[in-house]
Every structure is written in C-alpha cells, then in structure tokens.
Amino acid sequence: LAEVLRDSGYATEGVISNGNVVPDLGFGQGFDRYEHVGGRPYANAEQMLPAVREALAALNDDEAPGFVYLHYVDPHDPYHRQPEFDFAADLPGTFDGSRAAIDVYRHSSTKPDAEELARVHGLYDGEIAWIDARLSELFAELERTGVLERAWVIVTSDHGEGLWQHGIPGHGQHVYEEQLRVPLIFRPPGGLAGGALTVSEPMGLLDVAPTLLEFLGVAAPAAFEGRSWAGALAGRGELPARPVIIDEKVDAFDMAAIIDGDDKLVLDHTRHLNLLFDLAANPGEVMGEALNLNVHRD
C-alpha cells in the first residue's frame with residue numbers, strides 16, 4: 001500500500017513498535033521514513049507518541065497528500081496493569097500478566113483456574129481500554145488540527161488473543177474466532193453524516209488496501225489479491241463477499257479454515273479433525289456442538 005501511494009505522489013510515514021515488521025524484514029518498502037520505536041518487550045502507545053507526532057508533522061509540512069501507518073502492539077502479552085483501567089485490582093489470585101506467569105501455562109497442558117483466568121481477562125481488558133483511551137487522545141488532537149476533516153482513518157488489528165479459550169494462551173497457533181475476528185473501522189474525511197454503517201459479512205485484511213485505494217481514486221495493482229468493498233460501503237452495489245481462507249502453520253500446529261457467511265470449516269491437520277461450525281448458533285466454536293466431518297485417513 002505504501003509503495004502504491006508513494007508512486008502516486010503521496011508522502012509516506014510509518015511508526016511501529018512491533019519487532020516483527022521492522023525495516024530489516026522489508027516492511028519499510030514504500031515509506032519515505034519508517035521508524036521502529038524500540039522497547040522491551042515493546043514500546044507502548046505513550047512511548048511512541050513523540051515519533052507519531054513527528055510523522056504527522058512531517059506530513060503537514062508537505063504539500064503532497066500523505067499516508068501514515070501506525071502500528072501499536074498494545075494490547076499484547078505481557079499484560080501490564082494499567083492504574084487507569086485496573087480491572088484485576090480487586091480480583092483474587094496472583095496472576096500478574098508477566099511473561100513468566102504466562103509461561104507457567106504456555107509450556108504445559110494445564111490452564112489457569114477460574115480465579116486466575118478472571119485476572120487474565122481483567123488485565124487484557126485493561127490494556128484494551130488503555131489503548132482505546134490513547135487513540136481517543138490521538139484522534140482528538142487530529143480533530144483540533146483539522147486532520148480528521150480531510151483524512152481517511154482506518155483502524156484494524158492483525159490478530160486477537162486465545163486467552164485459553166481453545167487451549168492457547170496467546171496467538172498464532174490456531175484458527176478460531178477469538179484470534180481471527182478483529183475490529184475494522186473505515187472513517188471517511190469528516191465522518192459519516194448519516195451515522196455508522198455496520199457490515200456483518202467477514203472481510204479479509206487483503207481487502208483493506210484495494211478498498212482504501214478505490215476511495216482515494218488510486219488504481220490497485222493487478223497483483224493485489226484483495227477486492228475493493230468501496231462501492232458497497234458507499235451504497236453502490238452489493239458487498240463483494242466471498243469465503244475467507246485462513247492457513248496457520250507454526251511449531252507443531254497445522255490448521256486451516258474456510259469462513260463462508262455463518263458457516264466455518266476448520267481443518268486441523270495435526271489432529272486429523274474436520275469440524276463444521278455454525279457461527280450464528282455457536283459463536284464460541286464449542287467443539288461438542290460442531291459437526292464432525294472427520295474421515296479415516298490411511
């Protein structure tokens with residue numbers, strides 16, 4: 001996306017705190033400047049703020065249209081207690097959200113008991129509320145400077161967290177909804193006069209770039225695999241809904257899934273299970289309520 005926009009005359013700025021998308025791995029392609037704000041294990045939104053303001057100021061100083069990419073890691077393990085939103089403060093248990101506390105369970109077949117799991121959720125919810133407040137402050141600043149009147153704003157995420165719902169504390173090791181279903185918000189310049197439009201059809205992240213490019217009037221490269229939803233979101237035609245395909249291979253996990261409306265087929269190649277879920281009736285993907293399509297393999 002940055003390369004396409006730069007080639008179309010946009011100034012491009014990126015500020016990240018995720019060590020998996022650093023310039024050394026090629027993610028800085030297309031950016032005039034791409035800054036990794038380091039930290040252990042990562043810099044939070046407040047620590048990123050000076051670099052974020054610098055990137056926004058650089059765009060304001062340029063007469064060319066601008067694109068800025070901000071990649072925050074909050075919320076993410078380890079889960080830090082946020083005094084502003086400490087939802088675990090009055091809960092029993094000792095789980096403190098640290099990597100050491102998580103690793104006790106990560107490297108075993110057990111999971112936290114009910115008390116400790118409640119603390120996990122409290123800490124995680126606190127981080128969500130904290131980053132929401134930081135983004136609110138950022139958007140308020142953009143509103144004061146007039147940026148929101150002329151800019152598209154997109155908010156999304158790369159993944160959710162397992163939190164032991166299907167046995168996984170973190171992410172990247174299965175294909176269930178708690179990891180896959182993330183927020184996606186398109187806000188046009190000046191906002192929506194008629195109020196928000198909510199779309200329930202699943203949209204793949206591959207579709208985000210071509211959708212934004214169509215809104216901006218920039219042609220998407222033929223190599224882009226995603227489809228633009230711009231026309232449908234603007235009230236011109238049907239949603240280009242199609243099955244969403246997910247593939248996850250990491251460590252000892254080998255899974256795939258196909259989501260078509262409310263139907264979701266999970267292919268667990270490691271355990272040789274093929275499970276069909278009705279997400280409308282079974283949004284939590286409870287195994288016992290799935291249709292087992294498992295077949296014998298020689």
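Numbering of residues begins at 1 and proceeds along the displayed sequence.
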Side-chain heavy-atom pair M255, L273 within 4.5 angstrom cut-off: no
Around atom CZ of R134, are there more than 12 heavy atoms from other residues, nucleotides or ligands closer than 6.0 Å? yes
Which donor-acceptor pairs under 3.5 Å do the side chains of residues 234-247 make with protein atoms, sequence neighbours left out?
unit_1 : atom_1 : unit_2 : atom_2 : d
R242   : NH2    : D207   : OD1    : 3.0
R242   : NH2    : E225   : O      : 3.4

When every non-hydrogen atom of S8 is compared with those of V4, the smallest separation belongs to OG-O, 2.9 Å
Give a yes or no on whether L197 and L184 share a hydrophobic cluster (residues Ile, Leu, Val, Met, Phe, Trp, Tyr; joining criterion: side-chain heavy atoms under 4.5 Å apart). yes
The reported gap from CD in E46 to CG in L49 (rounded to nearest 0.5 angstrom) is 8.0 Å
Is it true that a side-chain atom of T211 and a backbone atom of W229 form a donor plus acceptor pair closer than 3.5 Å? yes
Does V37 share a hydrophobic cluster with I16, counting links as ILVMFWY side-chain heavy atoms below 4.5 Å and allowing steps through other members? no
Looking only at heavy atoms, what is the nearest atom pair of S157 and L205, with distance? O-CD1, 3.6 Å
Would you tabulate the side-chain donor-acceptor contacts of residues 142-153 under 3.5 Å, counting partners in other chains and residues two or more places apart, or write 'none'?
unit_1 : atom_1 : unit_2 : atom_2 : d
T145   : OG1    : E141   : O      : 3.1
T145   : OG1    : L142   : O      : 3.1
R150   : NH1    : G146   : O      : 3.1
R150   : NH2    : N60    : OD1    : 3.3

Result block: side-chain N/O donor-acceptor pairs under 3.5 angstrom for residues 120-129, not counting sequence neighbours:
unit_1 : atom_1 : unit_2 : atom_2 : d
E127   : OE1    : H76    : N      : 2.9
E127   : OE2    : H80    : N      : 2.8

Just jot down the ring-ring contact (aromatic ring centres under 6.0 Å, His included) partners of Y34, sequence neighbours excluded, or say none. F31
Does any part of the side chain of V52, heavy atoms only, come nearer than 4.5 Å to the side chain of Y72, both counted from C-beta? yes
Do side-chain atoms of T12 reach the backbone of D32 as a donor and acceptor pair under 3.5 angstrom? yes
Which residues share a side-chain hydrogen bond (donor to acceptor under 3.5 Å, both in side chains) with Q173, sequence neighbours left out: none
Name all residues meeting the side-chain contact (heavy atoms from CB on, under 4.5 Å) criterion together with D254; count only those two or more places apart in sequence or in a different chain, and write none if there are none. K249, H269, T270
Atom pair CG (L212) and CG (L1), whose distance is rounded to the nearest 0.5 Å: 6.0 Å
Contacts of W164 meeting side-chain hydrogen bond (donor to acceptor under 3.5 Å, both in side chains) (sequence neighbours excluded), chain-then-number -> none
Any residue meeting side-chain hydrogen bond (donor to acceptor under 3.5 Å, both in side chains) with D74, in chain and number order, not counting sequence neighbours: none
Same apolar cluster (I L V M F W Y, side chains within < 4.5 Å links), Y10/F27: yes
Scanning both residues in full, the closest heavy-atom pair of F277 with A290 reads CE2-CB, 3.4 Å
Under the rule for side-chain contact (heavy atoms from CB on, under 4.5 Å), what residues qualify as partners of E54, not counting sequence neighbours? R33
So which heavy atom on A256 is nearest to which on V175, and how close? O-CG2, 3.8 Å
dist D260:CG -> L279:CG (nearest 0.5 Å) comes out at 10.5 Å
For H166 and H174, take the angle between the two ring planes, folded into 0 to 90°, and tell me which bin it lands in: parallel under 30, tilted 30 to 60, perpendicular over 60. perpendicular
Which residues pass the side-chain contact (heavy atoms from CB on, under 4.5 Å) test with N20, not counting sequence neighbours? N18
Any M48 side-chain heavy atom under 4.5 Å of V15 side chain: yes
Would you confirm whether N282, through its side chain, and V286, through its main-chain N or O, come within 3.5 Å as a donor-acceptor pair? yes
Any side-chain to backbone donor/acceptor pair from E35 onto A51? Under 3.5 Å, distance only. no
Examine the side chains of E161 and H171 and answer whether a donor and an acceptor come within less than 3.5 Å of each other. yes
One should read off an interatomic distance between D77 CG and I102 CD1, to the nearest 0.5 angstrom, of 4.0 Å
Could you tell me which residues satisfy salt bridge (charged side-chain N to carboxylate O under 4.0 Å, His left out) with D86, sequence neighbours excluded, listed by chain and number? R81
Counting only N and O atoms by type, is there a donor-acceptor contact under 3.5 Å from the side chain of E177 to the main-chain atoms of E285? no
Got a second to check how far E248's CD is from D251's CG, nearest 0.5 Å? 9.5 Å
What about L56 and V155, same hydrophobic cluster or not, with Ile/Leu/Val/Met/Phe/Trp/Tyr joined at side-chain heavy-atom distances under 4.5 Å? yes
Rounded to the nearest 0.5 Å, the CD1 atom of I154 sits from the CG atom of L70 at a distance of 12.0 Å
Quick one: does R271's side chain get under 4.5 Å of F253's, heavy atoms only? no
Please name the pair of heavy atoms, one in A55 and one in V68, separated by the smallest distance, quoted to 0.1 Å. CB-CG2, 4.3 Å
What I'd like to find out is whether the side chain of N292 reaches to under 4.5 Å of the side chain of L275, using heavy atoms alone. yes
Begin with the C-alpha distance, continue with both residues' side-chain angles, and end with the deciding distance and a verdict on side-chain contact (heavy atoms from CB on, under 4.5 Å) for V21 and H71. CA-CA 9 Å; V21 292; H71 191 133; 4.0 Å; yes
I want to check something: taking the side chain as every heavy atom from C-beta on, are I168 and Y176 in contact at a cut-off of under 4.5 Å? no
Set of residues satisfying side-chain contact (heavy atoms from CB on, under 4.5 Å) with respect to T198, sequence neighbours excluded: none
Which pair of heavy atoms, one from A133 and one from E84, lies closest together, and at what distance? CB-OE2, 4.2 Å
Do the side chains of L233 and V199 get nearer than 4.5 Å, heavy atoms only? yes
Between L180 and H159, is any pair of side-chain heavy atoms under 4.5 Å apart? no
Do you reckon V73 sits in the same ILVMFWY cluster as W130, going by side-chain contacts under 4.5 Å, direct or chained? no
